[in-house]
Amino acid sequence: MHIHRDWRGLPAAARGATVAMGNFDGVHRGHRAVIDAARAARPDAPLGIVTFEPHPREYFARLAGREELPFRLMNAEARANRLARHGVSQLYELPFGPTLAGLTPEDFAREVLAEGLGVAHVTVGEDFRYGRSRAGDIRTLVEAGQRLGFGVTAVPLLETDDAATSSTAIREALAGGRPRDAERMLGHWHRIEGEVIHGEKRGRELGYPTANLALEGLHLPKLGVYAVLVDVLEGPDKGNYAGVASLGVRPMFGENAPNLETFIFDFDGDLYGRHISVALVDYLRPEAKFEGLEALIAQMRRDEDQARRILAAA
């Protein structure tokens with residue numbers, strides 16, 4: 001997959017795609033319906049995604065000086081990895097700032113979609129809005145496409161269990177400690193991805209070495225302990241593993257910055273600096289503060305046993 005971070009000056013090979021357009025946070029079932037519609041509309045054209053970085057909501061919050069809780073389900077790296085799995089060959093990760101935010105719907109359609117990307121077709125969700133002050137909608141996009149030479153398809157919102165599949169509903173499921181409900185809407189496990197960073201190495205001293213991931217900028221699922229599946233994405237240990245992870249602030253040691261600490265079963269490699277993907281499968285228990293290290297280690301053994309049983313049956 002080729003990633004482009006501007007709509008200007010693209011090579012000829014990057015133009016002429018059939019594109020799905022939106023933020024694609026989580027790349028859930030509803031998003032994939034939009035992607036599939038783009039593929040079906042022009043099967044002769046490369047499949048592309050038009051999205052924005054940073055997320056427009058983040059940009060406008062900073063512009064207004066507002067403090068907002070992190071809301072993203074995945075970072076840009078995780079989103080790109082997931083989109084590549086769905087056959088996307090051209091990812092247009094457009095820089096969202098004053099220039100894009102200031103374009104009228106007509107200017108966006110002409111300068112970005114038609115002249116910049118040279119799109120063959122555009123698909124969006126039926127509630128998609130674009131352009132300055134979110135003034136553009138499906139009607140204006142269809143009209144612009146008729147004038148500028150590209151097709152437009154609007155895809156209805158996907159319903160799952162009598163509720164619309166949305167990033168908001170997925171966040172609510174994760175915040176409630178219900179990763180399997182989130183999986184039903186996502187169509188895949190919710191994953192936290194990134195580079196393994198150095199921690200305090202307490203887990204190693206306790207017999208449970210962990211691979212640590214930062215959670216900065218991401219929506220926090222319910223804090224606690226999870227049964228997880230782990231993909232090591234690079235290096236000599238690349239592959240698929242099972243494990244148990246603690247997502248939280250480590251109350252036993254007085255920490256306050258949340259991170260994800262994953263103990264990978266039957267693994268003895270060095271993952272520092274490597275990129276991994278951790279899928280939350282089942283919520284085991286809340287975070288807790290123990291009276292001493294012996295009680296903590298005993299609970300960690302119970303967590304490992306429970307996670308192994310759950311994942312063996314998954």
L280 reachable from F71 in the ILVMFWY side-chain graph, under 4.5 Å edges: no
Would I192 and Y226 show up in the same hydrophobic cluster when neighbours are defined by side-chain heavy atoms closer than 4.5 Å? yes
Taking I35 as the starting point, is it possible to reach M74 by hopping between hydrophobic residues whose side chains are less than 4.5 Å apart? yes
Can any side-chain N or O of R285 pair as donor or acceptor with the backbone N or O of G224 at less than 3.5 Å? no
Compare every heavy atom of R15 with every heavy atom of G116, then report the nearest pair and how far apart it is. O-NH1, 2.8 Å
Test your reading of the model: is there a side-chain donor-acceptor pair from H31 to the backbone of A20, 3.5 Å cut-off? no
Check the hydrophobic clustering (I, L, V, M, F, W, Y; side-chain heavy atoms under 4.5 Å; chains of links allowed) and say if L247 and L271 are grouped together. yes
Contacts table for residues 123-130: side-chain donor-acceptor under 3.5 angstrom, sequence neighbours left out:
from: T123; atom 1: OG1; to: V34; atom 2: O; distance (Å): 2.9
from: E126; atom 1: OE2; to: L157; atom 2: N; distance (Å): 3.4
from: R129; atom 1: NE; to: R134; atom 2: O; distance (Å): 3.3
from: R129; atom 1: NE; to: G136; atom 2: O; distance (Å): 3.0
from: R129; atom 1: NH2; to: R134; atom 2: O; distance (Å): 3.1
from: Y130; atom 1: OH; to: T140; atom 2: OG1; distance (Å): 3.0
from: Y130; atom 1: OH; to: L141; atom 2: N; distance (Å): 3.2

Using a strict cut-off of less than 4.0 Å between a Lys/Arg side-chain nitrogen and an Asp/Glu carboxylate oxygen, indicate whether R274 and D237 qualify as a salt bridge. no
Answer yes or no: is there an ion pair linking E193 with R82, defined by an N-O contact shorter than 4.0 Å? no
Which pair of non-hydrogen atoms, one from G16 and one from A45, has the smallest distance, and what is that distance? O-CB, 3.6 Å
R302 versus Q299, side-chain donor and acceptor atoms under 3.5 Å: yes
Pick out which of R301, E304, E261 makes a side chain to side chain donor-acceptor pair (under 3.5 Å) with Y208. E304
Does the distance from a Lys or Arg side-chain N to an Asp or Glu carboxylate O, for D282 and R309, drop under 4.0 Å? no
Smallest heavy-atom separation, M1 atom then V88 atom, equals CG-O, 3.3 Å
Any sub-3.5 Å donor-acceptor pair from R32's side-chain atoms to L186's backbone N or O? yes
